[in-house]
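Each remark here refers to the structure printed beneath this line.
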Amino acid sequence: MLIVEVLFFTGDPAKNDLIGIAKFLALHAALLMMLQLLLVARLPWLDTWIGTDRLTAWHRWTGFALFWAVVLHASFILVGYARLADISVFAQIDVFLGVFPTLLGMLAVSLIVIVVALSVRFARRRMSYELWHAIHVVLYVAVTLAVLHQLYEGSTFRANALTTAYWWGMWGLVIVSLLHGRVVTPLLRNARHKLRVAAVVPESHNVTSVYVTGRDLAALEARAGQFFIWRFLTRGRWWQANPFSISSTPDGEVLRLTARAVGGTSAGLRDLPVGARVFVEGPYGAFTTLHRTRDATLLIAGGVGITPIRSLLGELDGPVTVLYRVPTEADAVLLGELEHYVTNAGVTLHLLTGRTGSGLPPNLPFAPANLTALVPDIRERDVYVCGPPAMTGSVLTALKEVGVPKRQVHAERFALAGD
Ligand SMILES: Cc1cc2nc3c(=O)[nH]c(=O)nc-3n(C[C@H](O)[C@H](O)[C@H](O)COP(=O)(O)OP(=O)(O)OC[C@H]3O[C@@H](n4cnc5c(N)ncnc54)[C@H](O)[C@@H]3O)c2cc1C
């Protein structure tokens with residue numbers, strides 16, 4: 001960004017101040033577009049270190065910044081050129097519509113405005129995930145139009161061969177990263193591993209586990225706590241891709257997901273035929289032991305948030321305590337497996353049941369006092385939290401109050417950008 005700014009300020013002056021501001025905004029809009037694409041490129045190293053949830057949250061905010069940059073760029077360029085030609089803004093729009101490169105830019109801005117408008121929470125909540133995702137794919141058309149617009153119009157980076165190479169080098173890097181992370185890697189991985197459903201096991205009335213096997217699974221290098229985006233290639237399902245954590249400790253032989261039925265896809269998992277082909281993207285996520293800073297660990301799960309926690313259990317050494325929040329013991333899926341670790345690995349397990357706030361004293365399992373009573377050395381532990389957003393939020397607040405340093409706290413939210 002600094003290099004681009006130096007190029008801008010040392011380049012030829014704009015025809016007037018408004019056009020100058022518009023050009024400055026255009027350069028930053030293009031940089032934001034590149035950043036935006038990198039954030040969703042799902043580059044394995046970036047994802048493992050930063051985490052998909054954080055990357056998609058940044059993607060969301062970058063999206064809004066990009067929106068304002070392109071809207072302001074278009075407005076300043078319009079008013080700037082209208083003033084230069086001493087005509088009205090409407091007459092200037094008419095002129096621009098007849099100029100092919102500008103028309104491309106106008107189309108790109110229109111698409112970006114529509115997609116961002118549909119991405120605000122109010123609109124997002126009123127449409128299915130699949131529709132929201134399909135609308136988002138339109139942005140690739142907008143990016144293509146915007147790149148063509150830059151190819152014809154961009155002047156700052158045409159100062160000399162070096163600046164041109166720098167600019168298009170950056171674009172090249174971004175596009176190659178995107179194709180590598182989103183297309184080439186998933187295609188190669190699935191061609192190599194040939195995943196299939198090995199078994200479907202009901203865990204409770206509304207929770208199902210799916211076991212998946214394939215060739216040379218160790219080479220996937222999946223870590224406990226990570227997730228895949230799963231696509232089951234059966235009739236009526238192949239177009240749905242949903243994220244589910246790995247609920248077993250990866251052993252190079254079998255991968256397992258465990259899902260609660262909340263909608264069409266998750267409820268339909270129970271009917272998956274054994275042998276069905278599976279296409280995955282991943283493994284993704286930074287909710288892993290790579291980020292551990294202490295010997296002792298506290299794992300906190302709420303409901304089906306137990307899946308990555310169960311997975312982590314098999315990879316941890318040192319003292320481990322698990323707090324598992326469920327309405328009743330009958331809702332505690334995978335409990336038998338947790339008890340195995342209690343008996344064989346010295347893990348401490350507290351099942352936290354009952355309605356929050358009920359009884360006297362009120363049942364407040366994640367109140368700071370209760371957390372320190374259950375885990376007196378909590379400040380000396382890494383804490384991994386996975387549960388519904390409200391529970392995760394209150395646990396994170398309590399951990400802050402208790403004084404657990406931020407770098408020791410790791411959270412996985414079962415939500416990506418837009419949720
Ligand atoms: C990183 C991550 C890990 C997860 N791990 C688990 C797990 O181990 N077990 C489990 O039960 N649930 C998990 N979830 C939640 C799970 O992805 C959703 O419950 C599931 O996708 C719902 O899909 P549906 O079609 O059944 O329901 P729908 O009614 O279609 O969707 C319900 C909600 O789920 C979310 N959702 C739906 N489809 C997708 C998608 N393709 N990508 C992202 N979000 C989507 C949206 O917020 C949507 O509003 C995880 C989510 C994330 C982001």
Side-chain angles (χ1 to χ4, degrees), residues 1 4 22 25-43 46-47 50 52-75 77 100-154 167-168 170-187 229 231 239-243 281-282 284 415-419:
M1 192 171 87
V4 169
L25 286 163
L27 284 175
H28 288 79
L31 288 171
L32 283 169
M33 220 174 257
M34 294 182 205
L35 173 65
Q36 189 68 321
L37 294 177
L38 271 186
L39 291 175
V40 291
R42 304 246 167 90
L43 296 172
L46 199 64
D47 195 272
I50 296 180
T52 319
D53 55 346
R54 210 177 297 169
L55 287 173
T56 48
W58 294 353
H59 171 78
R60 184 177 165 80
W61 289 111
T62 311
F64 288 121
L66 176 61
F67 169 84
W68 285 112
V70 293
V71 167
L72 288 173
H73 161 66
S75 310
I77 211 93
F100 183 63
T102 322
L103 182 65
L104 292 177
M106 287 163 92
L107 285 173
V109 173
S110 312
L111 289 178
I112 290 171
V113 168
I114 293 169
V115 174
V116 173
L118 291 172
S119 297
V120 294
R121 284 213 163 87
F122 174 80
R124 162 71 185 94
R125 291 214 176 104
R126 279 161 182 74
M127 62 181 94
S128 73
Y129 179 86
E130 281 79 16
L131 179 62
W132 173 80
H133 192 258
I135 290 169
H136 247 69
V137 172
V138 169
L139 279 179
Y140 290 105
V141 179
V143 170
T144 310
L145 292 172
V147 171
L148 291 174
H149 172 71
Q150 284 165 50
L151 202 61
Y152 286 116
E153 295 274 348
W167 185 259
W168 294 114
M170 280 201 298
W171 266 114
L173 201 74
V174 166
I175 291 168
V176 168
S177 303
L178 193 72
L179 290 175
H180 171 70
R182 298 299 289 257
V183 184
V184 179
T185 305
L187 283 178
I229 296 181
R231 195 184 286 273
W239 53 275
Q240 291 166 325
N242 295 61
E281 288 166 61
Y284 298 133
L416 296 179
D419 286 320

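For reference, positions follow the sequence shown, starting with 1.
- The two residues Ala29 and Val70 come nearest to each other via the heavy atoms CB-CG1, 3.9 Å.
- Atom CE of Met34 sits about 8.5 Å away from atom CD1 of Ile175, to the nearest 0.5 Å.
- Residue Phe64 qualifies as enclosed at atom CZ: its count of foreign heavy atoms under 6.0 Å is above 12.
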Mind listing the side-chain donor-acceptor pairs of residues 135-147 below 3.5 Å, one per line with the distance, residues two or more places apart or on another chain?
{"unit_1": "Thr144", "atom_1": "OG1", "unit_2": "Tyr140", "atom_2": "O", "d": "2.7"}

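- Under a 3.5 Å cut-off, the side chain of Arg182 and the backbone N or O of Val40 do form a donor-acceptor pair.
- Residues Ile229 and Asn242 fail the side-chain proximity criterion, which asks for heavy atoms closer than 4.5 Å.
- Checking side-chain atoms of Gln36 against main-chain N and O of His59 turns up a donor-acceptor pair under 3.5 Å.
- Two residues are said to be in side-chain contact when any heavy atoms from C-beta on lie closer than 4.5 Å; His149 and Phe100 fail this criterion.
- Taking NE2 from His180 and CG from Leu178, the interatomic distance works out to 11.0 Å, rounded to the nearest 0.5 Å.
- Environment of CE in Met1: sparse, with no more than 12 heavy atoms of neighbouring residues, nucleotides or ligands closer than 6.0 Å.
- Of the inter-residue distances, the one linking Leu72 atom CG with Phe67 atom CZ reads 9.0 Å to the nearest 0.5 angstrom.
- When every heavy atom of Ala30 is checked against every heavy atom of Trp171, the shortest pair comes out as O-CZ2, 4.1 Å.
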